[in-house]
Structures are given as C-alpha cells and as structure tokens.
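Remarks on the structure that follows.
Residue numbers count from 1 along this sequence. Computed from heavy atoms alone, side chains included, the values below leave out hydrogens, waters and symmetry copies. None of the values given here were measured: they were computed from a predicted structure.
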Amino acid sequence: MSVLLETSLGDIVIDLLVDESPKACENFLKLCKIKYYNFSPVHSVQKNFTFQTGDPLAESPESDGGSSIWGVLDGPSKRTFALPVPPKLKHDVKGTVSLATVASPHDPDERIAASQFIVTLGDNLDYLDGKAVIFGKVVEGFDVLDKVNDSFIDGAGRPLKDIRIRHTVVLDDPFDDPPGLVEPAESPVPSKAQLATVRIADDEELDDNMDEESMEKLRREREARAQALTLEMVGDLPFAEIKPPENILFVCKLNPVTQDEDLHLIFSRFGQILSCEVIRDKRTGDSLQYAFIEFENQKDCEQAYFKMQGVLIDDHRIHVDFSQSVSKLSESWRNATVTKRSGQRGGFGGVAGLEQKRQYRASDTATTTRPDDDYGMVFRKNESRRRSPSRSSPPRKSAPRDRRGSGSPPPESRRHRYRDRSHSRSPHRGERSYREKDRSRYDDRDRDRDRRRDPRDDRYRDRRRW
C-alpha cells in the first residue's frame, strides 16, 4: 500500500505498514484521498534528524494543529484520536514516517494523534521510539530528503524558501471510505489563510549563490511589503510603496523640560526649519521625550543628523535618526481625499452632509435663544442680579412724574405697565416689609408665596436672589 507525495523539491513514495499500524494508515490514506495535505508546508526541520509536515495552516495563528479524517467529516470533537504504539517498530533507518503524537491522559501506552507526520533524516533515532507512531517507510525520493536536510532554515526550523506538498496520489487503498467522504475531482485552490503563510514561494527562482544572510534579508523585505499591502487595503497607508520623507529628523531621549522653541533654536543653525514639534501626551500635555524636526532641504537634515548625534541638551544626551513615520503624508492624503469628496453626501467624504446634522451650532443658538439671554439656560450672575426683581423688601415709593405729551398714555395705564416691569429698587434697611405698604404692585402668586415665607430671612433672600 503506497502513497505518492508530490512536493516542491520532488516526489516521495511512501510504503504503508498496514498490518502494524492500521488505524494510522487509514487516517493518512483518507486525508491524502480528500487532498487535505495539499499546500501543507514543511516545518520544524532539524538537520540530520527529522522534518515535520501535515498541517495545512502550519505557522499560521489560525492553525489548530491539523485534524484527523474523522474530525474533518464529523466535527472538531473528533479532531484527534488515540493510537497504540507498535513495540516492534523503531526509528532505525532514514526515511521512517510516523504520526506526531502526544501522550494520552488516560492510558500511558496510547498516544493522541491528528494529521501531522514526521519523516526522519538520519539513522538510529531511538529518541523518537515510543513518542511517534510509525506507519510507513520512504522507498523513493531520498534525494528530496537530502534537499530538505540541506535547506536554509530560520531559528524555528522553518525553511526560508517554502517547501510544500503540492499534491497527493493514493496508489492503493485497502480501507473502506468512512460515511460522508467525498473525493474531490481536482486539487483544491489554496485558501487565503494558507497563502498568508508564504514567505518565499516554492516556485520562485533565487540566486543559487545567495548566502543565508541575503536570503533572510530578502525574506524580511517580502514580509514588510506584504504588511504594507495590508495597511493599504485597510486605509492606513495611501499606497504600499510609500516611503518616509528624507527631510525629517527623529530626536529622542529628550529632557521633559525641553520645548519646541529650544529645539528650533538649536537645530536652525543647520538650515531653514519648516516645523519642530515635541510630541506630548494628549491628556496631560507632558512631553513624551521625542520630537520631529522638518527641514526645508534634505542636505540640511543630513548635516544635522551627523552633527547632533549624542549632543547634550538640557542635561540629556539625545539620539538622532531619520524619521520612519509616514503619518504626516498619510494625513495630507486623507485631507486631500476628503476635500475632493466634500461635495458628496454621505460616504467617506460627506463632510457637508454631516455638518448639516450637527445639533449645536453658533448660528442656531443665536436665533433660538431669547433676546435677553445670550446663553439660553446658562445665565450670568451679574446680569441676573440686575434683571431679577428684588423680593426681599419693597420698592421705594416715589412720586410719579407726568411726562405725558399729546400721545402719552394716561397715568392708570402707566401704573399697570410699571406693575409688569421686572426691575425694582431695593428699600432702605429701616423700612418695613412691602406687604404692609403696597400689595397691588405684585401678582397673586407672589403674594401667596410670600405669605408662607419670611422675606427677612437671610437664607430665603439669598435663595431668591440667585
């Protein structure tokens, strides 16, 4: 019983030990049959020891470690299954294939497995005996094993250039298919989660003379480009290839007392400065001890970089570097985009439409408030004192002066108009309460209310005043 694995480095043929490990062989065969292993990466490479594969999402945060065929068909509750360890099978030759397992919590003689499997790259690896369940042997493709063993890997054992299982072919299957298994007509297309795990594609041509350091640098560049593309997609960058401006310096390790004008004065000797800003906490206003200085010319910025490194400012030795921030460029791009779309209603740039929905505006306040109150419900103490009637004592009696002309109202109408006025004069302290002198000048409501309170009470007077 054999399976052919088509990898990016060549083909590997595995003979299965059906009689010794029937459960492990059935799981492996059925996963190969449904193309579960397609695009699975090779990882955890240990030179002259082993490599591991079998998880389609290995090295991805979304990975669950792989699933058995029963977990794929019946759900996550059957993702793993228990296996006995064959006592007679040993990892004694190169190319031994075994399922990666963990100890069973119920039986020490059993191991828990899923989909991942291990292939040995050396002989006499008795360390794996009892820890991995052997189910097959490599019979063809030892040159592929040598290529995996000689590949460039990072600290975690992952090849810098992807090594992937491209296709699986079941040459012979003695087991009946479990209920619900459907063999696809063709190999499935890799999912987005699988494509996200690509570093350097397995079909990408690289310089054979490139050393490990150069390949690591290339990997980092590709990873940074992929992250920039993600930021462009979510709108944090105007475009992925944006570069930071070369005329802005980043200054850090500043003294908290250092101000914008201090830095402007010190750095202005190198050339014209367009802006100088110490970054501060938005809530407290405290300095975060770093700043950005924008020069008009790039050469002035370079000269300041070479001359100001490690200079002592306010008893702090500063560090200077070229700015890597593109936030200012992104902000300019957003502002320009909003300006272009400001005429639209709604959407990203519907600023005019949003402005019309604002609830409180200066123009609305000016037209809706009362003429004698500039702030609506908010009042000025001085104005309220002047406008509010003094109810603590009666107004001073004064003889009415007749200023009537030909069109003046009669004295009786003037008396009623005076009764409605909201201003009154406070009496002398020695005068008695106004209720004993003139009750006709105030309405019934004030009269009834004043009967229940003593207007000479200081607390009542203060409360009525304010």
- Of all residues at least two apart in sequence or in a different chain, which pass the side-chain hydrogen bond (donor to acceptor under 3.5 Å, both in side chains) check with Lys94?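 Residues passing side-chain hydrogen bond (donor to acceptor under 3.5 Å, both in side chains) with Lys94: Asp146.
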Examine the side chains of [X] and [Y] and answer whether a donor and an acceptor come within less than 3.5 Å of each other.
| X | Y | value |
| --- | --- | --- |
| Thr284 | Asp281 | yes |
| Ser98 | His91 | yes |
| Asn149 | Asn48 | yes |

Practice prompt. Report the C-alpha separation of Phe81 and Ile112 in whole Å, then their side-chain angles, then the decisive distance to 0.1 Å, and conclude whether the side-chain contact (heavy atoms from CB on, under 4.5 Å) test is met.
Written response: CA-CA 6 Å; Phe81 63 101; Ile112 303 298; over 6 Å; no
So with a 6.0 Å cut-off around [atom1] of [X], is the heavy-atom count from everything else above 12?
| X | atom1 | answer |
| --- | --- | --- |
| Tyr127 | OH | no |
| Lys307 | NZ | no |
| Glu261 | CD | yes |
| Asp176 | CG | no |
| Glu246 | CD | no |

Exercise. In this structure, which one of Val320, Asp321, Ile273 forms a side-chain contact (heavy atoms from CB on, under 4.5 Å) with Leu249?
Worked result: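 Testing each of Val320, Asp321, Ile273 against Leu249, the sole residue satisfying side-chain contact (heavy atoms from CB on, under 4.5 Å) is Val320.
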**Asked** Stepwise, does the side chain to side chain donor-acceptor pair (under 3.5 Å) test hold for Ser187 with His167?
**Response** CA-CA 7 Å; Ser187 295; His167 196 62; 2.5 Å; yes
Tell me every residue that passes ring-ring contact (aromatic ring centres under 6.0 Å, His included) with [X], counting only those two or more places apart in sequence or in another chain.
| X | answer |
| --- | --- |
| Tyr305 | Phe322 |
| Phe175 | none |
| Phe28 | Tyr37, Phe117, Phe135 |
| Phe51 | none |

Exercise for the section: List the atom of Pro56, the atom of Gly54, and the distance in Å for their closest heavy-atom pair. Expected result: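 For Pro56 versus Gly54, the nearest heavy atoms are CD-O, 3.6 Å.
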Closest non-hydrogen atom pair between Cys25 and Leu16, with its separation: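 The pair with the smallest heavy-atom distance is SG-CB, 3.9 Å.
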Verify, without hydrogens or angle tests, whether [X] (side chain) and [Y] (backbone) share a donor-acceptor contact under 3.5 angstrom.
| X | Y | value |
| --- | --- | --- |
| Gln194 | Ser191 | yes |
| Asn255 | Asp314 | yes |
| Gln289 | Leu254 | yes |
| Glu294 | Phe292 | no |
| Thr120 | Val97 | no |
| Lys47 | Ser151 | yes |
| Thr7 | Ile165 | no |
| Asp260 | Val278 | yes |
| Arg111 | Leu83 | no |
| Arg79 | Gly66 | yes |

Listing request: all salt bridge (Lys or Arg N to Asp or Glu O under 4.0 Å) pairs with a residue in residues 61-78, at least two apart in sequence or in separate chains.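 Those involving residues 61-78 are Asp74-Lys78.
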To the nearest 0.5 Å, tell me how far [X] [atom1] sits from [Y] [atom2].
| X | Y | atom1 | atom2 | answer |
| --- | --- | --- | --- | --- |
| Lys253 | His319 | NZ | NE2 | 6.5 Å |
| Ser60 | Asp55 | OG | CG | 8.5 Å |
| Leu5 | Thr53 | CG | OG1 | 8.5 Å |
| Ile14 | Ile12 | CD1 | CD1 | 6.5 Å |
| Cys252 | Ile318 | SG | CD1 | 8.5 Å |
| Lys131 | Leu125 | NZ | CG | 12.0 Å |

Task: Steps toward side-chain contact (heavy atoms from CB on, under 4.5 Å) verdict (Asn297, Asp300) - done: CA-CA 5 Å; Asn297 299 320; Asp300 299 336; 3.3 Å; yes
So do [Y] and [X] actually touch side chain to side chain, heavy atoms under 4.5 Å?
| X | Y | result |
| --- | --- | --- |
| Ile34 | Leu181 | yes |
| Tyr36 | Thr168 | no |
| Phe250 | Ile248 | no |
| Pro188 | Asn38 | yes |
| Arg166 | Phe39 | no |

ask   = Between Ile118 and Thr96, is a side-chain contact (heavy atoms from CB on, under 4.5 Å) present by the stated rule, with each step listed?
value = CA-CA 8 Å; Ile118 298 171; Thr96 302; over 6 Å; no
Next item on the list: Evaluate side-chain contact (heavy atoms from CB on, under 4.5 Å) for Val144 paired with Asp11, printing each intermediate quantity in order.
Entry: CA-CA 7 Å; Val144 177; Asp11 296 342; 6.0 Å; no
### Query
Hey, is Asp177 close enough to Lys30 for a salt bridge, meaning N to O under 4.0 Å?
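Lys30 and Asp177: salt-bridged.
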Starting from the C-alpha separation in whole Å, work towards a yes-or-no answer on side chain to side chain donor-acceptor pair (under 3.5 Å) for Arg164 and Thr197. CA-CA 11 Å; Arg164 305 226 174 217; Thr197 63; 3.0 Å; yes
